[in-house]
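Everything below concerns the one structure shown next.
FYI, side chains are in, hydrogens and waters are out, and symmetry mates aren't considered; it's all heavy atoms of this structure.
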Amino acid sequence: MDTTGMRRTVTAEITRMADYETGFWAIVDGMGVDRGQAGRMLDAAVDWIGTGHGATSDPYALVLSWMPR
């Protein structure tokens, strides 16, 4: 097993996810949605996905799909 390659992959994925979350909050702020409400929606999305609902495994995308346009 190439543990060096695995470490690089995991590090890159963690960095990508942190950037993705930062982007999510920037969108929420830009839409003028309360961060507390968005956080509760994010918790609900994780629960929703965890119980097998929805067609996505991305809670951020799911929450954004629930936001008013």
Side-chain angles (χ1 to χ4, degrees):
M1 176 184 275
D2 176 13
T3 58
T4 302
M6 187 182 305
R7 280 191 202 107
R8 279 190 216 125
T9 301
V10 169
T11 299
E13 190 65 16
I14 289 169
T15 300
R16 187 181 72 76
M17 291 308 297
D19 291 344
Y20 193 65
E21 182 170 3
T22 299
F24 169 78
W25 291 115
I27 292 167
V28 167
D29 292 342
M31 295 176 78
V33 175
D34 176 72
R35 279 186 170 222
Q37 179 184 0
R40 289 185 296 278
M41 291 173 74
L42 193 55
D43 290 341
V46 169
D47 288 342
W48 182 272
I49 291 166
T51 58
H53 295 90
T56 182
S57 61
D58 181 346
Y60 300 106
L62 187 55
V63 168
L64 293 174
S65 76
W66 293 341
M67 298 276 179
R69 306 240 180 242

Joint hydrophobic cluster, V46 plus V63, side-chain heavy atoms closer than 4.5 Å: no

Side chain to side chain contact (heavy atoms under 4.5 Å, CB included) partners of R16, counting only residues at least two apart: E13

Y60: ring-ring contact (aromatic ring centres under 6.0 Å, His included) partners, not counting sequence neighbours: Y20, F24

Single-linkage hydrophobic cluster M17~W25, side-chain heavy atoms < 4.5 angstrom: yes

Ring geometry between W66 and W48 (parallel below 30°, tilted from 30 to 60°, perpendicular above 60°): perpendicular

side-chain hydrogen bond (donor to acceptor under 3.5 Å, both in side chains) partners for D43, two or more places apart: none

Sequence-distant partners of T56, side chain to side chain contact (heavy atoms under 4.5 Å, CB included), two or more places apart: D58, L62

Interatomic distance, I27 atom CD1 to T22 atom OG1 [nearest 0.5 angstrom]: 11.0 Å

Pairing residues for D34 by the side chain to side chain contact (heavy atoms under 4.5 Å, CB included) criterion, not counting sequence neighbours: Q37, R40

P59 versus A45, closest heavy-atom pair with distance: O-CB, 3.8 Å

Shortest non-hydrogen contact between I49 and S57, atoms and distance: CD1-C, 3.8 Å

Those residues that, when tested against R8, pass side-chain hydrogen bond (donor to acceptor under 3.5 Å, both in side chains) (two or more places apart): none

Separation between OG1 of T9 and CD1 of I14, rounded to the nearest 0.5 Å: 11.0 Å

